[in-house]
J.: 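I'd like to ask you about the structure that follows.
Everything numeric here is computed off the predicted structure, so don't read it as measured data. Basis for what follows: all heavy atoms, side chains included, without hydrogens, waters or symmetry-related copies.
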Amino acid sequence: MGKDLFQSPDYFAVDALLTEEHLLIRDAVRQWVKKEISPVIEDYCQQATFPSKIIHGLGQLGCFGPTIPTEYGGGGLDHIAYGLMMQELERGDSGVRSTASVQGSLVMYPIFTFGSEEQKRKYLPKLATGEMMGCFGLTEPDHGSNPAGMITHFKADGDYVILNGAKMWISNAPFADIAVVWAKDDQGDIRGIIVERGMIGFSTPETKGKWSLRASATGELVFDNVRVPKANILPNVKGLKGPLSCLSSARYGIAWGVIGAAMDCYDTALRYAKERIQFDRPIAGFQLTQKKLAEMITEITKAQLLNWRLGVLKNEGKATPAQISMAKRNSCEIATSIARDARQILGGMGITGEYPIMRHMMNLESVITYEGTHEIHLLITGMDITGIDAFH
């Protein structure tokens, strides 16, 4: 890839709604992405390997758990700052944003929210710097959209529990030092438990052959009679409320993140359309190209405003899981459409690694499905407005 020339579209002056701190944080992450991610990400994707060297930089930038209080090593930032960070990381690559999202929303958040003081002190500061990396174990081979059906379970054994089962499609699993795993106890209640690498019977085989999120490490979590201290159980939550609240936090980050990918596709297509000459004029001068570009910027602008408002509600403690679902679904839908239209504007060049569009297209096919499928989020909105649960 050539030099990263990205310029962020802001058609409705949304930047004016942001604080000076928000803009400083966003610009710092943007410059880091331009310097550290853009020059190398294409090669890592082509080779289907995770750029582990970025972990230290993400930690230094404060991208791991930015909303966690500073006393535990977090940034103590608000949710709009977090959203902007995820937007910029995903503008670089969805896999990079996934690494940060999992660490912050799915590992640090449950330990901070549901963990004991001892657990918080032990894990959060190291997770915040990237010295320790984590993953989140909820999805099972036979239980994706219906996590209540999980069969991973543990039984008491003195000061320990014996954990058995398996999880799959787990981001960060191959290199994670700890896993926040959701499993059923002797009473059938869903509990969170922190499993550490090195515990006998715990393995994390890597998922190979992906056409999407190729620069993200994905794997399984396998538990074969793993002895875990009872002290590793998250004491302050039982039931699906625990994992679902984590997913709400992650979905919020995705709603912002994929707009970064959409912006990158739009910006690339706009620049290309102005430079590409056909029939003795730039293709940006043709009506059908302008239609694509105009619709892209319209949808990006609407999503920016929706995300900003959601961020305000989240800062006020008023954002509902259903509102977060709507934003996640909307952002994913428009981002996948924008990526496809941008690819068409670039023609054959759109499928090459010289431009980021095909990589974003493939990544978004995963993002539109994980943390709740497109259809599940539609039904969450449906249930919220009708009061009737269509899942069963």
J.: To the nearest 0.5 Å, what is the distance between CG (L244) and CH2 (W182)?
T.: 9.5 Å

J.: Just do the side-chain contact (heavy atoms from CB on, under 4.5 Å) check on T352 and M349 with the steps written out, would you?
T.: CA-CA 5 Å; T352 71; M349 293 305 296; 4.1 Å; yes

J.: Got a donor-acceptor contact below 3.5 angstrom from the N232 side chain to the I193 backbone?
T.: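 Flag not set: sc N232 to bb I193 has no pair under 3.5 Å.
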
J.: Side chains of C246 and F136, heavy atoms from C-beta outward: is any pair under 4.5 Å?
T.: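 Yes, side chains in contact.
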
J.: Within the 3.5 Å criterion, strictly below it, is a donor on S212 or S366 matched to an acceptor on the partner's side chain?
T.: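 Looking only at side-chain atoms, S366 and S212 do form a donor-acceptor pair, the distance falling under 3.5 Å.
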
J.: Applying the 4.5 Å side-chain criterion to the ILVMFWY set and letting contacts propagate, would V195 and V161 be lumped into a single cluster?
T.: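 Both belong to a single hydrophobic cluster.
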
J.: Would you check if there is a donor-acceptor pair between the side chains of T204 and R197 at a distance under 3.5 Å?
T.: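 A donor-acceptor contact under 3.5 Å links the two side chains.
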
J.: Hey, are the side chains of D341 and M296 touching, using non-hydrogen atoms and a 4.5 Å cut-off?
T.: yes

J.: Where do E220 and T207 come nearest, in terms of heavy atoms and distance?
T.: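 Heavy atoms of E220 and T207 come nearest at N-OG1, 4.4 Å.
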
J.: Among side-chain atoms of H153 and N164, is any donor-acceptor pair under 3.5 angstrom?
T.: no

J.: Do L89 and F175 share a hydrophobic cluster, counting only Ile, Leu, Val, Met, Phe, Trp and Tyr and linking them when any side-chain heavy atoms are less than 4.5 Å apart?
T.: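 They do share one cluster, since a chain of ILVMFWY contacts under 4.5 Å joins L89 to F175.
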
J.: Looking only at heavy atoms, which two atoms of L221 and C135 are closest? And how far apart?
T.: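 Minimum heavy-atom contact is CD2-SG, 3.8 Å.
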
J.: Tell me who clusters with I254, hydrophobic residues only, linked when side chains sit under 4.5 Å apart either directly or through other members.
T.: L213, V258, L364, V367, Y370

J.: Please indicate whether I151 has more than 12 foreign heavy atoms, meaning atoms of other residues, nucleotides or ligands, lying under 6.0 Å from its CD1.
T.: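 Count not over threshold, so no.
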
J.: CG of N236 to OG1 of T113: how many Å apart, nearest 0.5 Å?
T.: 9.5 Å

J.: Using the rule that two of Ile, Leu, Val, Met, Phe, Trp, Tyr join whenever any of their side-chain heavy atoms come within less than 4.5 Å, decide whether F114 and V181 are in one cluster.
T.: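 Different hydrophobic clusters.
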
J.: Looking at M168, I'd like to know if its CE atom is crowded, meaning that more than 12 non-hydrogen atoms belonging to other residues, nucleotides or ligands lie closer than 6.0 Å.
T.: yes

J.: What's the shortest heavy-atom distance between T289 and A273, and which atoms?
T.: CG2-CB, 4.0 Å

J.: Hey, is CD on E21 packed in by over 12 heavy atoms from elsewhere, all under 6.0 Å?
T.: no

J.: For atom CZ of R271, is the number of surrounding heavy atoms from other residues, nucleotides or ligands below 6.0 Å larger than 12?
T.: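 Above 12, so yes.
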
J.: Shared ILVMFWY cluster between W32 and Y82, side chains joined below 4.5 angstrom?
T.: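 Same hydrophobic cluster.
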
J.: With sequence neighbours left out, write down each residue that passes side chain to side chain donor-acceptor pair (under 3.5 Å) with N363, or none if nothing qualifies.
T.: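 Listed in chain order: D93.
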
J.: Below 4.0 angstrom, N of the basic side chain to O of the carboxylate: do K122 and E196 qualify?
T.: yes

J.: Group every Ile, Leu, Val, Met, Phe, Trp and Tyr by side-chain heavy-atom contacts under 4.5 Å, then state whether I162 and M199 land in the same group.
T.: no

J.: For K184, is there an ion pair with D189 - N to carboxylate O distance below 4.0 angstrom?
T.: no

J.: Under the side chain to side chain donor-acceptor pair (under 3.5 Å) test, which residues partner E117, sequence neighbours left out?
T.: Y72, R121

J.: Name the orientation class of the two ring planes belonging to F223 and F202 (parallel below 30°, tilted from 30 to 60°, perpendicular beyond 60°).
T.: parallel

J.: Give a yes or no answer on whether the side chain of T373 reaches the backbone of I376 with a donor-acceptor pair at less than 3.5 Å.
T.: yes

J.: Donor-acceptor pair, distance only, cut-off 3.5 Å: does the side chain of Q103 make one with the backbone of L127?
T.: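 Checking the backbone N and O of L127 against the side chain of Q103, a donor-acceptor pair under 3.5 Å is found.
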
J.: Checking H22 now: which residues fulfil side chain to side chain donor-acceptor pair (under 3.5 Å) with it, not counting sequence neighbours?
T.: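 Testing H22 for side chain to side chain donor-acceptor pair (under 3.5 Å), a comparison that skips the adjacent residues, returns T19, D78.
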
J.: Exactly one of R30, K34, R91 should register a salt bridge (Lys or Arg N to Asp or Glu O under 4.0 Å) with D264. Which one does?
T.: R91

J.: Under the ring-ring contact (aromatic ring centres under 6.0 Å, His included) rule, what do Y272 and Y355 come out as? Steps first, then yes or no, please.
T.: CA-CA 10 Å; Y272 184 89; Y355 296 93; 5.8 Å; yes

J.: Yes or no on side-chain contact (heavy atoms from CB on, under 4.5 Å) for L378 and E333, after CA distance, side-chain angles and deciding distance?
T.: CA-CA 11 Å; L378 190 73; E333 183 161 51; over 6 Å; no

J.: Can you list the steps and then say if E371 with R251 is a salt bridge (Lys or Arg N to Asp or Glu O under 4.0 Å)?
T.: CA-CA 6 Å; E371 318 288 5; R251 290 163 177 169; 5.6 Å; no

J.: State whether R26 and D15 are salt-bridged, where the test is any N-O pair (Lys NZ or Arg NE/NH1/NH2 against Asp/Glu carboxylate O) under 4.0 Å.
T.: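 Yes, this pair counts.
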
J.: Looking only at heavy atoms, what is the nearest atom pair of P356 and T268, with distance?
T.: CG-OG1, 3.7 Å

J.: Using a strict 4.0 Å threshold on nitrogen-to-oxygen distance, state whether R309 and E316 make a salt bridge.
T.: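 Here R309 does not pair with E316 in a salt bridge, since their nearest N and O are not under 4.0 Å apart.
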
J.: Between N172 (side chain) and A176 (backbone), is there a donor-acceptor pair under 3.5 Å?
T.: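 Pair absent, no side-chain N/O of N172 close to backbone of A176.
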
J.: Counting distance only, does the side-chain N/O of D384 pair as donor-acceptor with the main-chain N or O of A322 below 3.5 Å?
T.: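 No: the side chain of D384 does not pair with the backbone of A322.
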
J.: Return all side-chain donor-acceptor pairs below 3.5 angstrom for residues 43-61, not counting sequence neighbours, or 'none' if the list is empty.
T.:
unit_1	atom_1	unit_2	atom_2	d
Q46	NE2	E42	OE2	3.1
H56	NE2	Q60	NE2	3.4

J.: Please give me the minimum heavy-atom distance between S105 and P110, naming the atom from each residue.
T.: O-CD, 3.7 Å

J.: Please check if any side-chain donor atom of E140 sits under 3.5 Å from a side-chain acceptor atom of T152, or the reverse.
T.: yes

J.: Run the side-chain contact (heavy atoms from CB on, under 4.5 Å) check on I259 and N307 step by step: do they pass?
T.: CA-CA 9 Å; I259 298 309; N307 287 346; 3.5 Å; yes

J.: Does any N or O in the side chain of Q323 come within less than 3.5 Å of the main-chain N or O of T320, such that one atom is a donor and the other an acceptor?
T.: yes

J.: Go through the steps to decide whether I41 and R359 satisfy the test side-chain contact (heavy atoms from CB on, under 4.5 Å), and finish with yes or no.
T.: CA-CA 10 Å; I41 194 64; R359 175 168 52 80; 3.6 Å; yes

J.: So E206 and K208, salt bridge (Lys or Arg N to Asp or Glu O under 4.0 Å) or not? Walk me through it.
T.: CA-CA 6 Å; E206 186 166 0; K208 301 285 191 179; 3.7 Å; yes

J.: For residues M133 and T99, report the shortest heavy-atom separation together with the two atoms involved.
T.: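 Heavy atoms only, the tightest pair is CE-CG2, 3.9 Å.
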
J.: Taking C-beta and beyond as the side chain, do I345 and I283 meet within less than 4.5 Å on heavy atoms?
T.: yes

J.: Under 6.0 Å from the CZ atom of F391, do we count more than 12 heavy atoms belonging to anything else shown?
T.: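 Correct, the count exceeds 12.
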
J.: So which pairs with a foot in residues 276-293 pass salt bridge (charged side-chain N to carboxylate O under 4.0 Å, His left out), sequence neighbours left out?
T.: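 Sorted pair list: K291-E295.
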
J.: Under 3.5 Å, side chain of K167 to main-chain N/O of L138, donor-acceptor pair present?
T.: yes

J.: Less than 6.0 angstrom from the centroid, inside 45 degrees of the normal: does K314 satisfy that with respect to the ring of Y252?
T.: yes

J.: A side-chain contact here means heavy atoms from C-beta on lying under 4.5 Å apart; do V29 and L84 qualify?
T.: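 A side-chain contact is absent here, since even the closest heavy-atom pair is not under 4.5 Å.
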
